[in-house]
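Input: a single structure, listed below in structure tokens.
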2 protein chains.
Amino acid sequence: MDTTDAITALTALAQMSRMETFRALVQHEPKGVPAGELARLIAIPQNTMSAHLAILARAGLVRGERRSRSIIYRADLARLREVATFLLKDCCGGRSEICAPLIAELTSCCTPGASK
Amino acid sequence: MDTTDAITALTALAQMSRMETFRALVQHEPKGVPAGELARLIAIPQNTMSAHLAILARAGLVRGERRSRSIIYRADLARLREVATFLLKDCCGGRSEICAPLIAELTSCCTPGASK
DNA sequence: TCCATATATCCAAAATGACGGATATACGTG
DNA sequence: CACGTATATCCGTCATTTTGGATATATGGA
């Protein structure tokens, strides 16, 4: 993931409807959600949602797979991880001490055995 | 940091000149860089840089402090951490198992005692 | 006060992005 | 093949963003 890829991904997420769409897809992992149902969930027209999904897909953040008449979209969590890692490399590169609090925060919120 | 704040921050970083500016500021922590020198570094006109810095500042990602005639800008790493955490909460919320690989990757790249 | 330096603001032009109606394409069913 | 459903593409409109010239504001020095 180079800088251009990262900017494409950030641009994709820097819009309310797309952010909501992506979050909905993350919550529905690993089942996925058909495009039409996403449009209803976010309450935007079908063609607008299709355009947003195309932008998210171009950024690598979602993938659509045809299942009969529907196209089921799924979030690509590995890609999200790449984006987050890219951002944090700006922070950690060469000076790991800066990110210790971040690691701690993430560990406490995201490790299976953690409470908070 | 709510969704609107996150989108403001993502929008601020989703532009090449601003991304380069922010990375330059991170690399110059904690000294900071005057606005004019930033413009020369990124090779854009002074007023354009000023506008970009205003956007980054509005997003909370940088802060400028007047020092004599210059205004020294610094990256706000805590804010960057908040943005990254926001993104990752989409991933980790309610299902921590998804983020275990991410934690591992971050730990290996960002923990003081780590090699890679 | 007058001048030079450093930065911000004003303004307008060009580019980009979001939106949604209308229509095309893909798929399954009868 | 004809029809209904699901999604994508086309296209015009409107709003936002980016950019940079000109100018205003702030600071320090003579």
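Per chain, numbering begins at 1; letters A, B, ... match sequence-line order. Only heavy atoms go into these numbers, but all of them, side chains included; no hydrogens, no water, no symmetry mates.
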Rounded to whole Å, please give me the gap between CG in B:Leu38 and P in C:dA8. 10 Å
Output yes when at least one side-chain N/O atom of A:His52 is less than 4.0 Å from OP1 or OP2 of C:dC19, else no. yes
Do B:Arg66 side-chain atoms and B:Ser68 backbone N/O form a donor-acceptor pair below 3.5 Å? yes
Quickly work out the B:Met16 CE to C:dT16 C1' distance and round it to whole Å. 16 Å
Go nucleotide by nucleotide along DNA chain C from the 5' end; which of A:Gln46 and A:Arg67 gets its closest nucleotide reached first? A:Gln46
Under 4.0 Å between any heavy atoms, over every strand shown, what does B:Ile55 touch: base, sugar-phosphate, or nothing? Just pick one. sugar-phosphate
Quickly work out the A:Met19 CE to C:dG17 P distance and round it to whole Å. 17 Å
Can you see if the side chain of A:Tyr73 gets near the phosphate of D:dA8 - specifically, an N or O under 4.0 Å from OP1 or OP2? yes
In whole angstrom, give the distance that lies between atom CD of A:Glu65 and atom C1' of C:dC27. 15 Å
Do you know the tightest heavy-atom contact between B:Tyr73 and B:Val62? CD2-CG2, 4.0 Å
Heavy atoms only: give me the nearest B:Thr48-B:Ile44 pair and the separation to one decimal. CG2-CD1, 4.2 Å
Figure out the CE/P separation between B:Met49 and D:dT19, and round it to whole Å. 10 Å
Looking only at heavy atoms, what is the nearest atom pair of B:Leu53 and B:Ala35, with distance? CD1-CB, 3.8 Å
Distance, rounded to the nearest Å, where A:Ile71 contributes CD1 and D:dT5 contributes C1': 13 Å
For B:Ile42 and B:Met49, the nearest pair of non-hydrogen atoms, with its separation, is CG1-CE, 3.6 Å
Given C:dC27, is OP1 or OP2 found less than 4.0 Å from the side-chain N or O atoms of A:Ser68? no
Below the 4.0 Å mark, does C:dA18 have OP1 or OP2 next to a side-chain nitrogen or oxygen of A:Arg18? yes
Tell me the interatomic distance from A:Arg66, atom CZ, to C:dG28, atom P, rounded to whole angstroms. 8 Å
N/O (side chain, B:Gln15) to phosphate O (OP1/OP2, D:dT19) under 4.0 Å: yes
Overall bend of the helix from C:dT1-D:dA30 to C:dG30-D:dC1 (five pairs an end, 10° steps) is 20°
Side chain of B:Ala35 (C-beta onward), nearest among C:dA8, C:dC19, C:dT5: C:dA8
Please report the shortest heavy-atom distance between A:Met19 and A:Leu13, naming the atom on each side. CE-O, 3.5 Å
Taking A:Arg18 for its side chain and A:Leu56 for its backbone only, find out whether a donor-acceptor pair lies under 3.5 Å. no
Looking across every strand, which nucleic acid part, if any, lies under 4.0 Å from A:Ser70 by heavy atom: base, sugar-phosphate, or nothing? sugar-phosphate
Of the candidates C:dG21, D:dT27, D:dA8, the side chain of A:Asn47 sits closest to C:dG21
Assign B:Ser50 to base, sugar-phosphate, or nothing according to its heavy-atom contacts below 4.0 angstrom with the strands shown. base
Take the protein atom CD1 of B:Ile72 and the nucleotide atom C1' of C:dA8, then report the distance between them rounded to whole Å. 16 Å
Taking every heavy atom of A:Leu38 against every heavy atom of A:Val33, the minimum-distance pair comes out as CG-CG1, 3.7 Å
